[in-house]
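For this chain, numbers begin at 1 and follow the sequence in order. Every heavy atom of this structure was used, including side-chain atoms; hydrogens, water molecules and symmetry mates were not.
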Amino acid sequence: GNCSRVDVYDVPLSPGTLSRRCPFFMATAKNYSAYDDATSRRLLCGDLSEETRLPRELLERFHAMWCERSRPFFAAVDETSTMSVGALAEVVRSLGVHSDLLCRSISRVIASGAEAVSFSAFVRGYAQLHSRTLREALPFAFAVFDLDGDGLLSPAEFQTVLEANLELKQLDPAAVRRVLAAPPSPDQQLRGLTRDQFRYFASLSSETVLATCGFLLHVSAFYVPLYPLGPEAEEEAEREAEEAAAAQKAAGGGGGGGADGPDACGASAVGESSDGANPFEDSDMLAALESLKTTPEERAERQKGKGNEAMRSREPHAASFAVERYSEGLAERPRDARLRATLLANRAAAHTSLRNWRRALDDAKEALAVRAEHEARAEPEGCAAAAAAAAGAEGGAASCSAARGADSGSRALAAASQVKAARRGA
């Protein structure tokens with residue numbers, strides 16, 4: 001159950017290879033062999049916390065689980081205190097990335113070409129999956145798209161990973177096909193996308209953010225920049241100029257010429273840096289991008305349809321899959337009250353199939369309340385019926401509360417009754 005001493009070192013990969021393949025990972029390796037195990041663990045987790053900005057307490061718990069080979073995440077850690085790339089892919093899948101292609105590519109990037117990953121490499125990859133901003137996420141996302149690791153995205157690579165991302169986020173793959181079918185540049189020849197062009201495309205809209213970074217765990221919190229992102233080198237130069245100007249001002253000097261303004265990160269800069277026209281500035285391409293846009297209601301309807309299809313299939317785990325789809329539909333926050341009520345009622349029915357009586361009852365109560373509120377707003381004369389429905393939901397809650405000490409059959413009857421009421425008109 002104890003880690004071998006090699007586990008407290010860095011990844012078994014030369015710093016040159018690490019920085020070349022994965023520039024977003026730090027290329028420094030520290031040796032803690034002069035310290036006892038407890039001190040080594042604290043130093044390692046402290047350094048990794050400072051590097052990745054993950055909480056130190058979390059990393060110490062991860063380290064203990066890694067050493068103990070705790071299930072479900074770290075059962076595949078071997079005697080050398082490393083995890084194979086294949087096992088890492090399964091850990092990535094368990095985090096919610098339900099795509100074989102994406103899991104394999106993410107694991108490849110985290111491993112940086114090695115056959116196995118150390119605890120340090122795992123932590124760095126975990127931190128990248130938890131990126132909080134688009135700028136922070138894009139280097140890792142580009143590496144995941146770059147399936148052959150040559151630093152350039154071929155049309156085939158771009159389309160393959162893009163479609164996997166769209167499927168993962170339940171966006172319409174046909175829409176991206178229209179985007180990819182649009183002329184990529186005036187000369188109709190696009191050998192591959194550079195990282196700067198990838199940044200520009202990803203920052204065009206919320207839909208392109210999802211299409212390029214959909215496998216990242218906090219992608220829904222990414223904001224779309226006011227202007228598309230320009231070349232990294234130019235941004236770095238602007239940042240250095242701003243820091244120099246601030247230092248000069250603090251020292252009592254003058255203002256000094258900083259950046260040229262927000263347009264410096266715009267389209268022209270990307271076009272100039274890529275030896276030709278920017279493939280994403282073409283009018284046909286921009287028009288096709290508009291077809292990616294959808295409303296919360298449309299996305300929620302798609303999730304509802306997938307959940308309904310799963311429930312009709314009666315396949316193993318169909319009800320669990322349906323619960324996930326209905327939950328994702330609700331997460332879209334559709335403004336249509338009837339749609340919300342239907343999603344809640346259908347999820348309640350799926351929970352009933354799984355014998356999750358408490359959750360089924362909660363969803364059924366909420367569905368009744370949403371429907372009652374909608375009917376009260378839409379038809380004043382229907383307020384009495386709406387109030388009666390809401391009262392029924394509260395009565396069901398009371399009966400369920402009273403039944404907590406009773407057998408599961410009583411709870412099932414209470415939940416089933418409310419589910420039936422909720423679905424009656426959904």
Asker: For Trp66 and Ser81, which I'm curious about, is there any donor-acceptor pair between the side chains at under 3.5 Å?
Answerer: yes

Asker: For Phe119 and Leu44, which heavy atoms make the closest approach, and how far apart are they?
Answerer: CD2-CD2, 3.9 Å

Asker: Donor-acceptor pair, Glu234 side chain versus Pro231 backbone, under 3.5 Å?
Answerer: no

Asker: Could you walk me through whether Arg312 and Glu309 pass the salt bridge (Lys or Arg N to Asp or Glu O under 4.0 Å) test, one step at a time?
Answerer: CA-CA 5 Å; Arg312 287 193 294 268; Glu309 184 178 347; 5.6 Å; no

Asker: Salt bridge or not between Glu51 and Arg124? Use side-chain N to carboxylate O under 4.0 Å.
Answerer: yes

Asker: Hey, does Ser353 have a side-chain heavy atom less than 4.5 Å from the side chain of Met311?
Answerer: yes

Asker: Between the side chain of Ser107 and the main-chain N/O of Ala89, is any donor-acceptor distance below 3.5 Å?
Answerer: yes

Asker: Regarding Glu366 and Arg347, does a basic nitrogen lie under 4.0 Å from an acidic carboxylate oxygen?
Answerer: no

Asker: Using a strict cut-off of less than 4.0 Å between a Lys/Arg side-chain nitrogen and an Asp/Glu carboxylate oxygen, indicate whether Glu60 and Arg42 qualify as a salt bridge.
Answerer: no

Asker: Hey, can you tell me if Phe62 and Tyr126 have their rings parallel, tilted or perpendicular (30° and 60° cut-offs)?
Answerer: perpendicular

Asker: Indicate yes or no for a side-chain donor-acceptor contact from Arg199 to the backbone of Leu138 under 3.5 Å, with no hydrogens or angles considered.
Answerer: no

Asker: Do Ser105 and Arg108 have side-chain atoms, one donor and one acceptor, less than 3.5 Å apart?
Answerer: yes

Asker: So Arg69 and Glu79, do their side chains get closer than 4.5 Å, heavy atoms only?
Answerer: yes

Asker: Do any N or O atoms from the side chain of Asp146 and from the backbone of Gly151 form a donor-acceptor pair under 3.5 angstrom?
Answerer: yes

Asker: Does Ser49 use its side chain to pair, donor to acceptor, with the backbone of Cys45 at less than 3.5 Å?
Answerer: no

Asker: Kindly determine whether Phe222 and Cys213 satisfy side chain to side chain contact (heavy atoms under 4.5 Å, CB included), including the steps that lead there.
Answerer: CA-CA 9 Å; Phe222 291 0; Cys213 301; 4.1 Å; yes

Asker: Using 4.0 Å as the upper bound for N to carboxylate O, is an ion pair formed by Glu301 and Lys304?
Answerer: yes

Asker: Under a plain distance cut-off of 3.5 Å, with no hydrogens placed, do Asp78 and Thr82 share a side-chain donor-acceptor pair?
Answerer: yes

Asker: Are Ser203 and Val224 close enough, and set up right, to give a side chain to side chain contact (heavy atoms under 4.5 Å, CB included), and what steps lead you there?
Answerer: CA-CA 6 Å; Ser203 59; Val224 181; 5.7 Å; no

Asker: Would you tell me whether Ser40 and Asp37 have side-chain atoms, one donor and one acceptor, within less than 3.5 Å of each other?
Answerer: no

Asker: When Cys103 is tested against each of Val97, Leu88, Leu95, Val91 for side-chain contact (heavy atoms from CB on, under 4.5 Å), which residue passes?
Answerer: Val97

Asker: With a 4.5 Å limit on heavy-atom distance, are the side chains of Thr352 and Trp357 in contact?
Answerer: yes

Asker: For Ala348 versus Asp363, what's the shortest heavy-atom pair and its separation?
Answerer: CB-CB, 3.7 Å

Asker: Within the structure provided, determine whether Leu153 and Phe142 are in side-chain contact (heavy-atom separation under 4.5 Å).
Answerer: yes

Asker: Of the non-hydrogen atoms in Thr212 and Asn165, which two are nearest, and what is the gap between them?
Answerer: O-ND2, 3.4 Å

Asker: A side-chain contact here means heavy atoms from C-beta on lying under 4.5 Å apart; do Thr160 and Phe145 qualify?
Answerer: no

Asker: Quick one, Leu48 and Leu54 - any side-chain contact, counting heavy atoms below 4.5 Å?
Answerer: no

Asker: Let me confirm one number: the CG-OH distance from Asn308 to Tyr326, rounded to the nearest 0.5 Å.
Answerer: 3.5 Å

Asker: Are the side chains of His63 and Leu59 in contact, using a 4.5 Å heavy-atom criterion?
Answerer: no

Asker: Quick one: sort the Phe201 and Phe158 rings into parallel, tilted or perpendicular, breaks at 30° and 60°.
Answerer: perpendicular

Asker: Given the ring of Phe321, does Arg325 sit roughly above its face, with NZ or CZ under 6.0 Å from the centre of the six-membered ring and within 45° of the axis?
Answerer: yes

Asker: Any donor and acceptor pair, going by atom type alone, linking the side chain of Asp336 with main-chain N or O of Leu339 inside 3.5 Å?
Answerer: yes

Asker: Taking the side chain as everything from C-beta on, heavy atoms only, tell me whether Arg135 gets closer than 4.5 Å to Glu235.
Answerer: yes

Asker: Check Ala300 against Pro334 and note the closest heavy-atom contact, atom names and distance.
Answerer: CB-CG, 3.9 Å

Asker: Does Gly307 offer a backbone N or O that forms a donor-acceptor pair with the side chain of Asn346 under 3.5 Å?
Answerer: no

Asker: Consider side chain to side chain donor-acceptor pair (under 3.5 Å). Of Arg53, Gln128, His130, which one does Glu136 pass it with?
Answerer: Arg53

Asker: So, for Thr208 and Ala202, which heavy atoms are closest and what is the spacing to 0.1 Å?
Answerer: OG1-O, 3.0 Å

Asker: Which value, rounded to the nearest 0.5 Å, describes the distance between Leu129 atom CG and Ser131 atom OG?
Answerer: 7.5 Å

Asker: Please round to the nearest 0.5 Å and tell me the distance separating atom CZ of Arg41 and atom CG of Asp36.
Answerer: 9.0 Å

Asker: Just by distance, do the side chain of Glu328 and the backbone of Gln303 share a donor-acceptor pair under 3.5 Å?
Answerer: no

Asker: Taking Arg358 first and then Asp362, would you say they form a salt bridge - that is, a charged N and a carboxylate O separated by under 4.0 Å?
Answerer: yes

Asker: First locate atom CD of Glu332, then atom OG of Ser220, and finally report the distance between them rounded to the nearest 0.5 Å.
Answerer: 9.5 Å

Asker: Between the main-chain N or O of Ala164 and the side-chain N or O of Glu167, is there a donor-acceptor pair closer than 3.5 Å?
Answerer: no

Asker: In Å, rounded to the nearest 0.5 Å, how long is the span from NE2 of His98 to CZ of Arg93?
Answerer: 8.5 Å

Asker: What residue among Glu242, Glu236, Glu243 forms salt bridge (charged side-chain N to carboxylate O under 4.0 Å, His left out) with Arg239?
Answerer: Glu236

Asker: If you apply the rule side chain to side chain contact (heavy atoms under 4.5 Å, CB included), what do you find for Phe140 with Ile106, and how did you get there?
Answerer: CA-CA 9 Å; Phe140 185 77; Ile106 291 169; 4.0 Å; yes

Asker: How close do Ala367 and Ala345 get, heavy atom to heavy atom, and via which atoms?
Answerer: CB-N, 3.8 Å

Asker: Rounded to the nearest 0.5 Å, what separation is found between the CG atom of Leu43 and the CG atom of Asp47?
Answerer: 6.5 Å

